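Since the model is a prediction, treat every value here as computed from it, not as a measurement.
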Amino acid sequence: MKHAPHVNANAGANAGARAAGALMVGAGALIMFAPFYFMFVFATHTSADIFSFPPPSWFGGAALDNLALLEERLPFWRNIGMSLYVALMQTGLTLFFCSLGGYAFATFEFRFKRPLFALVMASMIIPSFMGMIPTFMLMDLLGWIDQPRALYVPGAAGALGIFMMRQYIGSAIPKDLIEAARIDGCGEFGIYWRVVLPLIGPALGTLGLITFINSWNNFITPLVVMRSVENYTIPLALRSIQAPNNTEWGALMVGAAIAVLPLLVMFFIASKRLIEGLTQGAVKG
């Protein structure tokens with residue numbers, strides 16, 4: 001009984017700390033959610049309403065008018081389809097080639113393995129804007145200017161993806177399992193396809209989500225290699241209707257709101273897999 005006040009004091013302190021933590025997390029979530037909320041709100045108002053004071057804080061009735069205006073300015077749904085096509089192609093190619101490269105680095109022993117992996121990792125520190133001119137020159141040489149393949153083929157084997165796959169495969173898949181498959185007569189590609197791929201689902205889900213979001217939001221590469229409005233991806237298409245003095249912000253907001261919906265849905269569906277993939281491969285047995 002002598003220690004009861006001390007126990008109660010500790011319980012009260014822990015409860016206070018939990019409440020403070022919950023308050024901080026809630027405030028942070030509110031701050032992060034606010035831009036999305038106002039984007040959807042502004043998508044339902046005219047440009048005049050958006051720039052009124054105070055600005056609108058609740059939904060209006062101009063969403064369909066804004067969408068019609070956007071469709072007058074852009075082949076909007078074609079741009080959405082182009083973004084979806086490019087993002088899916090880049091995600092599929094990235095998952096295949098990066099998992100294949102990660103499997104090789106994690107399980108094989110070959111000459112110059114360490115220097116080659118170091119070279120792959122060193123490429124991550126090069127700023128992306130430094131590759132703009134070489135990318136344009138190479139795409140022009142291949143005749144891929146204004147072609148969708150110029151947006152997803154060059155980044156199909158990124159250093160981040162290879163690193164993630166190598167770390168996950170090396171820590172989550174026992175080498176004895178791979179050796180047993182070799183003893184049973186399974187070829188190397190068969191081991192990769194039948195043994196490794198089914199076991200690295202969390203890592204594939206994480207890399208796929210990251211790749212899809214990066215591809216969907218990519219602005220610089222389409223700006224460099226795309227020429228016709230019909231082949232613009234959605235970030236470049238929305239940017240093309242902005243002007244110094246005549247920007248229809250309501251139409252722009254409704255386009256941005258529609259463009260962000262697939263990302264929000266995908267994130268909410270795959271958030272559990274994302275956390276699992278980021279943590280599971282870093283912890284052994």
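For the pair S83/S215, no side-chain contact is recorded, criterion being any heavy-atom separation below 4.5 Å from C-beta on. Proximity of L64 to V254: side-chain heavy atoms (C-beta onward) are nowhere separated by under 4.5 Å. The shortest side-chain heavy-atom distance between W216 and L88 does not fall under the 4.5 Å cut-off. A heavy-atom distance below 4.5 Å is not found between the side chains of W144 and L151. The side-chain heavy atoms of Y152 and T94, taken from C-beta on, include no pair separated by under 4.5 Å. Put simply, the side chain of L67 reaches to within 4.5 Å of the side chain of I258, judged on heavy atoms.
For H45 (side chain) and I50 (main-chain N/O), no donor-acceptor pair under 3.5 Å exists by modelled atom type.
Between F97 and A157, the closest heavy-atom pair is CB-CB, 4.2 Å. Closest heavy-atom contact between Q90 and G155: NE2-O, 3.9 Å. The two residues Y232 and S240 make their nearest non-hydrogen contact at CE1-CB, 4.0 Å. The shortest non-hydrogen separation linking A106 to I169 is CB-CG2, 3.8 Å. Closest approach of F42 and P56 over heavy atoms only: CE2-O, 3.6 Å. Residues M139 and A150 share a closest heavy-atom pair of SD-CB, 3.5 Å.
Counted by atom type alone, Y192 and S99 present one or more donor-acceptor pairs between their side chains at under 3.5 Å. S228 and N231 form a side-chain donor-acceptor contact under 3.5 Å, judged by distance and modelled atom types alone. The closest side-chain donor-acceptor pair between D49 and T46 falls under 3.5 angstrom.
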Trace of the side-chain contact (heavy atoms from CB on, under 4.5 Å) decision for M253 with N66
CA-CA 8 Å; M253 288 295 103; N66 289 335; over 6 Å; no
Steps toward side-chain contact (heavy atoms from CB on, under 4.5 Å) verdict (I145, F136)
CA-CA 8 Å; I145 295 297; F136 175 81; 3.7 Å; yes
Where do V229 and L74 land on the side-chain contact (heavy atoms from CB on, under 4.5 Å) test, with the steps shown first?
CA-CA 8 Å; V229 178; L74 289 173; 4.0 Å; yes
Full working for side-chain contact (heavy atoms from CB on, under 4.5 Å) between T233 and N79:
CA-CA 5 Å; T233 55; N79 298 139; over 6 Å; no
Criterion side chain to side chain donor-acceptor pair (under 3.5 Å) on N218 and T221, from CA distance to verdict:
CA-CA 7 Å; N218 188 11; T221 306; 3.2 Å; yes
Evaluate the criterion side chain to side chain donor-acceptor pair (under 3.5 Å) for residue pair E71 and W77; output intermediate values, then yes/no.
CA-CA 8 Å; E71 291 173 340; W77 298 110; 2.7 Å; yes
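At a threshold of 4.5 Å between side-chain heavy atoms, the hydrophobic network of Ile, Leu, Val, Met, Phe, Trp and Tyr places I133 and L141 in two separate groups. Each of L177 and I183 belongs to its own hydrophobic cluster when Ile, Leu, Val, Met, Phe, Trp and Tyr are linked at side-chain heavy-atom distances under 4.5 angstrom. Hydrophobic clustering (side-chain heavy atoms under 4.5 Å, transitive across Ile, Leu, Val, Met, Phe, Trp, Tyr) groups F110 together with F189. A continuous path of hydrophobic side-chain contacts links M124 to M130 [ILVMFWY only; heavy atoms under 4.5 Å]. If you chain together hydrophobic residues whose side chains sit under 4.5 Å apart, I241 and L69 never meet in one group.
Contact check on E179 versus K175 returns no salt bridge, with no Lys/Arg side-chain nitrogen under 4.0 Å from an Asp/Glu carboxylate oxygen.
No cation-pi contact links R239 to F219, judged by a cut-off of 6.0 Å to the six-membered ring centre and 45° from its axis.
Aromatic pair F33/F36: centroids not less than 6.0 angstrom apart. The aromatic ring centroids of Y103 and F108 lie less than 6.0 Å from each other.
The neighbour count for R227 CZ, taken as heavy atoms of other residues, nucleotides or ligands under 6.0 Å away, is above 12. Annotation: R182, atom CZ; neighbour count of heavy atoms from other residues, nucleotides and ligands within 6.0 Å is above 12.
The CD1 atom of I178 lies 9.0 Å from the CG atom of L199; values are rounded to the nearest 0.5 Å. Remark: N217 CG to I234 CD1 distance equals 11.0 Å, nearest 0.5 Å. I162 contributes atom CD1, which lies 5.0 Å from atom SG of C98 (distance to the nearest 0.5 angstrom). Note: M137 CE to L142 CG = 12.0 Å, rounded to the nearest 0.5 Å. One finds the OG1 atom of T44 at 11.0 Å from the CG atom of D65 (value rounded to the nearest 0.5 Å). In this structure, the separation between CE on M165 and CD on Q167 is 10.5 Å, given to the nearest 0.5 Å.
Test Y168, F117, F163, F112 against F105 for ring-ring contact (aromatic ring centres under 6.0 Å, His included) and you get one pass: F117. Exactly one residue among V86, T211, L207 makes a side chain to side chain contact (heavy atoms under 4.5 Å, CB included) with T91. That residue is T211.
Relative ring orientation between W58 and Y37 is described as tilted, the plane-to-plane angle lying within the 30° to 60° band.
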